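Remarks on the structure that follows.
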Protein chains: 2
Amino acid sequence: MLEKQIADKIKKIRKSKGYTLDQLGRLTDLSKGLLSRIENCQVSPPIATLSKISHGLEVPIGIFFNVEETTGEEGYAVTLKNERRPINRRGITAELDYYSLSSLKSDNLIEPFVVKYPVTQKKPTKLYDHPGEEFLLVLKGKINFIYGKKIIRLETGDSIHFDPSTPHRGQNAGKTESECLVIVIDKEKE
Amino acid sequence: MLEKQIADKIKKIRKSKGYTLDQLGRLTDLSKGLLSRIENCQVSPPIATLSKISHGLEVPIGIFFNVEETTGEEGYAVTLKNERRPINRRGITAELDYYSLSSLKSDNLIEPFVVKYPVTQKKPTKLYDHPGEEFLLVLKGKINFIYGKKIIRLETGDSIHFDPSTPHRGQNAGKTESECLVIVIDKEKE
DNA sequence: TTAAAAAGTTGCATAAAGTGAAACAAATTT
DNA sequence: AAATTTGTTTCACTTTATGCAACTTTTTAA
């Protein structure tokens, strides 16, 4: 079952790169006979061997184990501006308004939000750190973005792409309400 | 090297679930001695064995192959509105203007763009499909978003989160230039 | 159409290495 | 300190991955 998926993937990638069994054999230091058996699912190669193959094919080894996920459902989810869904996000919520921009059920990577920063924001209290990856774009107003020990000034239209494991936080820097689009990715999910 | 990472991950997960080698042994139908050797990186188990372990641990097997990436560098990258870097993206480029919103070097998941849709856009020509995950937010103007056989109308502030393996394409639906923020994620990367 | 070359599969023999049982060592508990 | 549990290692065994070469199938060329 699993071996079958791996076998198919190897063959597909090999073909896509135009290699013959013999050529891949030389690249990986494995006999073409063995490669044939692997592609035909007659052996359960040790990871050391799989590793050789992934190197020869120049693909990350993880590729072999990524099960194709069927998104199920429709495959998309629209969120109209006026229908943004306010949500509670752990911790910070008390001070800021969060609105989710997605309603996809399945375990997607992208988590999009709109965050509103009110004018009357006190001094930065708690900073926020978490694994993954994050992207922020200022939609309205001005933001002072605290990242570790730095303060980065962002105006409307500016954006920042950063590693969120460093403590960080946005803060309104203008005299009107500010608004940001925030994309969070939780790498651990897969 | 690779085996070490896998070994460490197994041990970590086992510990996190509070299993002893013996318990996991019963769950996976493997001897505790063998499990010990695997965790200590003394053997290169065949994927069949790894599969048993992933089942016993109740985690997707792919988890063992997800390499932790060290972002290196500063950890963030700011892109000011006026300094967005125009880029060429395969295929479509001829008709649309793409601007990258990130300059992080390492292989990050998030790829942020701003796309400008000119007023004089002809009928939708080529659709665009690729693996991964995508999110789009209309920053300016109006967009008719073609997704498979559907046409979805999006106004400024609206957004859509979708599976990009279905052929898709945005198209200006107004009398002025339109602008979208697009986030693309290439799941294959890991 | 046939011959020749290349690509892929399969027997076979061997050597390597994964594996279990049990003895051993280390750590934790009573 | 004894006893129980958890983790490591020795040893023998056997499974099986692997290379080599013969064989079959497909493609190319003449």
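From a predicted model like this one, the values you see are computed outputs, not experimental measurements. A, B, ... follow the sequence lines: proteins, then strands. Residue 1 opens every chain.
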* To do: Output yes when at least one side-chain N/O atom of A:Asn40 is less than 4.0 Å from OP1 or OP2 of C:dG8, else no.
  => no
Show me the protein contacts with nucleotides 21-30 of chain C, counting only N or O atoms at under 3.5 Å.
none

* Expressed in angstrom and rounded to an integer, what is the separation of A:Glu3 atom CD from D:dA17 atom C1'? -> 13 Å
* Structure fact -> Side-chain atoms of A:Ile38 come closest, of D:dT9, D:dT18, C:dA7, to D:dT18
* A:Leu30 side chain: which of D:dG7, C:dT19, D:dG19 is closest? -> D:dG19
* Per A:Ser36 side chain, nearest of listed nucleotides C:dG20, C:dT9, D:dT18 -> C:dT9
* Asked: Out of curiosity, B:Ile10 CD1 to B:Asn40 CG, how far, rounded to the nearest 0.5 Å?
  -> 11.0 Å
* Report the distance from atom CG of B:Leu57 to atom CZ of B:Phe64, rounding to the nearest 0.5 Å. => 5.5 Å
* Would you say the side-chain atoms of A:Thr156 pair up with the backbone N or O of A:Gly141, donor to acceptor, closer than 3.5 Å? -> yes
* Structure fact -> Looking only at heavy atoms, the pair that brings A:Phe65 and A:Ile6 closest together is CE2-CD1, 3.6 Å
* Using the C1' atoms of five pairs at each end, what's the angle between the two axes of the helix from C:dT1-D:dA30 to C:dT30-D:dA1, to 10 degrees? -> 40°
* **Interatomic distance where NZ belongs to A:Lys52 and C1' belongs to D:dA17 [whole Å]** => 11 Å
* **From D:dG19, D:dG7, C:dT9, nucleotide with atom closest to B:Thr20 side chain** => D:dG7
* To do: Please state how far atom CD in B:Glu39 lies from atom C1' in D:dT8, giving the value in whole angstrom units.
  => 12 Å
* State, with a plain yes or no, whether a side-chain heavy atom of A:Ile183 is found less than 4.5 Å away from one of A:Glu134. => no
* Asked: Looking at B:Arg14, does any N or O in its side chain come under 4.0 Å of the phosphate oxygens OP1/OP2 on D:dG7?
  -> yes
* **Atom pair distance, as rounded to whole Å: CG in A:Asp22 and P in C:dG8** => 9 Å
* Whole-Å distance separating the CG atom of A:Leu34 from the P atom of D:dA17 -> 9 Å
* Asked: Rounded to whole angstrom units, what separation is found between the CZ atom of B:Arg26 and the C1' atom of C:dT19?
  -> 18 Å
* To do: Taking only the side-chain nitrogens and oxygens of A:Thr49, find out if one of them lies under 4.0 Å from OP1 or OP2 of D:dT18.
  => yes
* To do: Looking at every strand, decide which applies to A:Gln42 at a 4.0 Å heavy-atom threshold: base, sugar-phosphate, or nothing.
  => sugar-phosphate
* Asked: Donor-acceptor pair, B:Arg14 side chain versus B:Tyr19 backbone, under 3.5 Å?
  -> yes
* Asked: Hey, does the side chain of B:Asn172 reach the backbone of B:Thr176 with a donor-acceptor pair shorter than 3.5 angstrom?
  -> yes
* To do: Check for a donor-acceptor pair, side chain of B:Gln23 on one end and backbone N or O of B:Thr20 on the other, with a separation under 3.5 Å.
  => yes
* Asked: salt bridge (Lys or Arg N to Asp or Glu O under 4.0 Å) between B:Arg37 and B:Glu39: does it pass, once the steps are laid out?
  -> CA-CA 5 Å; B:Arg37 266 176 290 223; B:Glu39 288 189 354; over 6 Å; no
* Atom-pair distance (CG on B:Leu50; C1' on C:dG18), nearest Å -> 13 Å
* Asked: Okay, side chain of B:Thr28, backbone of B:Leu24: is any donor-acceptor separation there less than 3.5 Å?
  -> yes
* Spacing between B:Leu24 atom CG and D:dT6 atom P, to the nearest angstrom -> 13 Å
